[in-house]
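Here the structure comes first, spelled out in structure tokens, and everything after it is commentary.
Atoms considered below: every heavy atom in the structure, side chains included; atoms not considered: hydrogens, waters and symmetry mates. Ligands are counted one by one from 1 in listed order, and the atoms in each one are counted from 1 as well.
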Amino acid sequence: MMQGAAPRQRREPVTVTVTGAAGQIGYALLPRIASGAMFGPDTPVRLRLLEIPAAVRVAEGVVLELEDCAFPLLAGADVFDDAAQAFSGANYAILVGARPRQAGMERADLLAANAGIFAPQGEAINEHAAQDVRVLVVGNPANTNALIAQAHAPDVPERRFTALTRLDHNRALAQIARRTGAGTDEITGLTIWGNHSSTQFPDVSQVRFAAGVQADIAALQDRQWLEDEFIPRVAKRGTEIIDVRGASSAASAAGAVVDHIHDWALGTPAGEWTSVGLLSHGEYGVPEGVFSSFPAISRAGDWQIVPDLELEDWARARIDASTDELVAERDAVRALGLV
Ligand code: NAX
């Protein structure tokens with residue numbers, strides 16, 4: 001028999017639980033996690049997938065495909081319809097599965113339906129996940145679902161709960177790159193503030209370009225472009241994708257999940273920040289007790305909100321409008337006794 005190359009030195013596997021694994025984001029996300037895109041080429045992953053009973057077979061089909069990718073880093077993939085089992089030993093929990101808004105559903109109905117998912121999942125994380133568990137909520141309404149899950153996991157440090165706004169961040173980055181001619185990796189200082197909804201505020205006031213870059217930097221001073229094109233396009237990009245693709249964002253959502261957890265686990269690059277939905281303690285005047293998107297850096301596995309950024313008056317008004325919406329969502333779930 002021929003002698004192959006010596007195996008790489010590998011770390012202990014990381015256990016990642018993904019809910020909604022049979023859905024379209026799941027289908028785009030799971031191969032990327034298993035490929036090593038999330039934790040790097042030396043860290044194996046063990047996947048624990050949660051689905052509702054009716055979708056377990058589909059999730060098992062996705063596992064068959066993962067097997068057929070023969071990923072060297074995939075240390076196992078199992079499907080469950082029970083949250084306690086699915087979250088057992090999870091180092092990372094990615095909560096994608098959610099109830100979509102159906103015709104005739106009021107916002108309170110949507111929040112209540114999702115609370116029925118995120119409250120028990122928060123409890124299961126509290127009871128069964130690993131000590132170092134880190135949680136990312138993707139399923140919408142993501143910010144308030146994160147609040148519900150966090151409120152039901154009192155033993156997990158609150159900063160270990162996050163809501164995904166990295167997709168909005170990446171969408172804004174791509175639009176700035178298009179407008180200025182800079183590469184997406186030559187742009188720093190972007191922030192998404194507020195809710196992952198059409199009220200969000202993509203803020204370019206602190207944007208910086210890499211030294212020597214050939215770009216139309218002055219374009220970002222064009223207030224008319226910012227207000228009439230950039231902000232609405234980023235905030236309504238989800239609807240644009242549905243109109244053009246005929247289905248909601250999946251590959252880009254999966255890409256944003258990979259970026260978010262990658263930076264959380266391995267750190268944001270020196271001198272850069274990203275956008276993360278975090279529980280507010282009044283930073284930047286955002287009301288306490290809502291999950292708002294903030295500028296954040298990750299060091300040693302912890303998110304820290306970037307302090308002391310200047311906010312112009314019009315930015316303040318837009319952030320307030322988005323966080324008012326978050327307060328209204330919080331009050332609605334509070335009225336239902338859910339947080
Ligand atoms: P799909 O409808 O394709 O998949 C959702 C999956 O979740 C289904 O397979 C369903 O069976 C499962 N599910 C439902 N309840 C569950 C439960 N209690 N436990 C486990 N699994 C459960 O939706 P998909 O396109 O994958 O989107 C998933 C969620 O992501 C939606 O709520 C969507 O709105 C949200 N998004 C959030 C984004 C963000 O940036 N925060 C962007 C992308 C996406 O729109």
Side-chain angles (χ1 to χ4, degrees), residues 17-30 32 48-63 79-87 90 93-102 105 110-125 135-149 152 161-172 192 194-198 200 202 234-242 245-261 274-278 291-293 326 329:
T17 299
V18 180
T19 75
Q24 54 151 3
I25 294 177
Y27 193 71
L29 174 62
L30 296 171
R32 297 211 53 207
R48 298 179 78 81
L49 310 179
L50 179 65
E51 260 297 348
I52 56 172
V56 159
R57 192 160 165 79
V58 175
E60 286 171 349
V62 178
V63 169
V79 181
F80 304 92
D81 62 8
D82 172 67
Q85 288 180 46
F87 289 114
I94 305 175
L95 311 188
V96 180
R99 267 288 291 283
R101 191 188 282 257
Q102 277 148 351
M105 232 183 188
L110 180 73
L111 290 167
N114 277 293
I117 295 174
F118 288 87
Q121 289 186 359
E123 285 164 9
I125 288 168
V135 184
L136 170 60
V137 176
V138 180
N140 279 319
N143 301 54
T144 299
N145 287 341
L147 179 67
I148 293 167
H152 287 81
F161 278 82
T162 59
L164 184 73
T165 56
R166 183 65 174 262
L167 177 56
D168 308 295
H169 184 98
N170 286 350
R171 286 167 170 168
I192 304 294
N195 200 359
H196 167 67
S197 77
S198 59
Q200 67 179 263
V234 172
K236 295 180 188 156
R237 185 68 160 186
T239 310
E240 183 181 347
I241 301 291
I242 292 171
R245 192 174 96 89
S248 58
S249 326
S252 54
V257 171
V258 170
D259 290 346
H260 177 112
I261 302 277
T274 186
S275 302
V276 181
L278 293 168
F291 271 76
S292 169
S293 188
L326 287 169
E329 289 182 15

If you have a sec, work out which protein heavy atom is nearest [atom] and how many Å separate them, to one decimal?
atom: atom 10 (C) of ligand 1; result: Glu51 OE1, 3.5 Å
atom: atom 20 (C) of ligand 1; result: Leu50 O, 3.6 Å
atom: atom 45 (O) of ligand 1; result: Asn140 ND2, 3.8 Å
atom: atom 16 (C) of ligand 1; result: Ile52 CG2, 3.5 Å
atom: atom 3 (O) of ligand 1; result: Gln24 N, 2.9 Å
atom: atom 39 (C) of ligand 1; result: His196 NE2, 3.2 Å
atom: atom 41 (N) of ligand 1; result: Val138 O, 3.2 Å
atom: atom 21 (N) of ligand 1; result: Gly20 N, 3.3 Å

- Task: Give the numbers and elements of all ligand 1 atoms closer than 4.0 Å to a heavy atom of Ile117.
- Result: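 What qualifies from ligand 1 is 15 (N), 18 (N).
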- Can you sort out which atoms of ligand 1 are near Ala253, meaning under 4.0 Å from one of its heavy atoms?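 Atoms satisfying the 4.0 Å criterion: 43 (C).
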- Message: Any nitrogen or oxygen of Ser249, side chain or backbone, less than 3.5 Å from one on ligand 1?
- Response: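 No, no N or O pair falls under 3.5 Å.
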Could you tell me the separation between the [atom1] atom of [X] and the [atom2] atom of [Y], rounded to the nearest 0.5 Å?
X: His260; Y: Thr162; atom1: NE2; atom2: OG1; answer: 3.0 Å
X: Ile241; Y: Ser252; atom1: CD1; atom2: OG; answer: 5.5 Å
X: Phe87; Y: Thr17; atom1: CZ; atom2: OG1; answer: 6.0 Å

- side chain to side chain donor-acceptor pair (under 3.5 Å) involving Ser248 - partner list, sequence neighbours excluded: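 Result, side chain to side chain donor-acceptor pair (under 3.5 Å) vs Ser248: Gln24.
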- Item | For atom 19 (N) of ligand 1, the option (of Gln121, Arg237, Arg166, His169) bearing the nearest heavy atom |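 Checking each option, the heavy atom nearest atom 19 (N) of ligand 1 is found in Gln121.
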- Query: If hydrogens are left out, which of Ala22, Ala83, Gly23 has an atom nearest to atom 1 (P) of ligand 1, that is, the closest non-hydrogen atom?
  - Reply: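 Nearest heavy atom to atom 1 (P) of ligand 1 lies in Gly23.
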- Task: Give the C-alpha distance, both sets of side-chain angles, the deciding distance and a yes or no for side-chain hydrogen bond (donor to acceptor under 3.5 Å, both in side chains) between His196 and Ser293.
- Result: CA-CA 8 Å; His196 167 67; Ser293 188; over 6 Å; no
- Item | Which segment of Ile25 sits under 4.0 Å of ligand 1 when only heavy atoms are counted |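 Both backbone and side chain.
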- Message: Against ligand 1, does Arg99 come closer than 4.0 Å with any heavy atom?
- Response: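 Checking ligand 1 against Arg99, which is what was asked, there is no heavy-atom contact under 4.0 Å.
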- Take Arg166 and Thr274 through the test side-chain hydrogen bond (donor to acceptor under 3.5 Å, both in side chains) and record every step on the way to the result. CA-CA 7 Å; Arg166 183 65 174 262; Thr274 186; 3.2 Å; yes
- Query: Any luck finding a side-chain donor-acceptor pair between Gln200 and Asn195 under 3.5 Å?
  - Reply: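 No pair is found: no donor N or O on one side chain lies under 3.5 Å from an acceptor on the other.
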- Establish, from distance only, whether the side-chain atoms of Arg171 and Ser249 form a donor-acceptor pair under 3.5 Å.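 A donor-acceptor contact under 3.5 Å links the two side chains.
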- Query: Is there a side-chain contact between Gln121 and Thr19 (heavy atoms, below 4.5 Å)?
  - Reply: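 Side-chain contact under 4.5 Å: yes.
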- Go through Asn170 and Asp259 one step at a time and tell me if the side-chain hydrogen bond (donor to acceptor under 3.5 Å, both in side chains) criterion holds. CA-CA 9 Å; Asn170 286 350; Asp259 290 346; 3.0 Å; yes
